[in-house]
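Below is one structure; the comments refer to it alone.
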Amino acid sequence: MTAAMDPIDRLTSWHAIYDLLCDYMRGQDRLDPVLHRSVFHDDATTDYGDGWRGDADGFVAFAQRVLTPHRANHHMIGQVRIDFESADTAFGEVYFQAFHRTESETGDEEDLWVSGRYVDRYERRAGTWKIAHRSELVDWVRTEPAADGLMKAGHFPLGERAPHDLSCRREEMRVR
């Protein structure tokens, strides 16, 4: 749904939301929990696939804990769609890819690629856009060389599409 908004407000709002996405990625890459957390409203809620639900502080702590052991993290924003429901509420679907480098138990370097999506509800409060709810879904993970032990320790699908679909989340978020 596209709300009737002033074209300048729509454009500046889109850019403000896109800046949030960039700050989120930078917060992950730099292992900066303050920047990472800054994109969420204080009362934001989050969920990760079917395994984790909670507040933004827990979500950021979880992500920072998972990312810290890697020697390198690089997150990239892919396709972004933002729909404005009103002048102060928007929904987004954001595709991302991430590259991580880690050392195996043998000391060899291993590369880990992750691809997934965020489905977000953004709210503008007191003139500032932030994430009010984020659903994250990891669609696939691949390691080179295959690091089965690393993947078995987590809850990622190895080399195949996740069985979950977030297409219904937008309607769920509207009624929260």
Checklist entry - Going through the distances and angles, do Asp88 and Arg125 end up as a salt bridge (charged side-chain N to carboxylate O under 4.0 Å, His left out)? => result CA-CA 7 Å; Asp88 296 320; Arg125 300 179 191 168; over 6 Å; no
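Not counting sequence neighbours, Asp19 has no partner by the side-chain hydrogen bond (donor to acceptor under 3.5 Å, both in side chains) test. Remark: Tyr18 pairs with Trp14 by the ring-ring contact (aromatic ring centres under 6.0 Å, His included) rule, at least two apart or across chains. By the ring-ring contact (aromatic ring centres under 6.0 Å, His included) test, His100 pairs with His70, His75, sequence neighbours left out.
Under a 3.5 Å cut-off, the side chain of Ser38 and the backbone N or O of Leu35 do form a donor-acceptor pair. In this structure, Asp120 contributes its side chain and Phe91 its backbone to no donor-acceptor pair below 3.5 Å. Looking at Thr46, its side chain does come within 3.5 Å of a backbone N or O of Gly54 through a donor-acceptor pair.
Salt bridge present: Asp9 and Arg124 bring a charged side-chain N and a carboxylate O closer than 4.0 Å. Taking a cutoff of 4.0 Å between a charged side-chain nitrogen and a carboxylate oxygen, Arg134 and Glu136 do not qualify as a salt bridge. Taking the charged nitrogens against the carboxylate oxygens, Asp32 and Arg26 have no contact shorter than 4.0 Å, which rules out a salt bridge.
For Tyr118 and Tyr24, the gap between ring centers is short of 6.0 Å.
In this structure, a donor-acceptor pair under 3.5 Å is present between the side chains of Gln64 and His36. The closest side-chain donor-acceptor pair between His133 and Ser135 falls under 3.5 angstrom.
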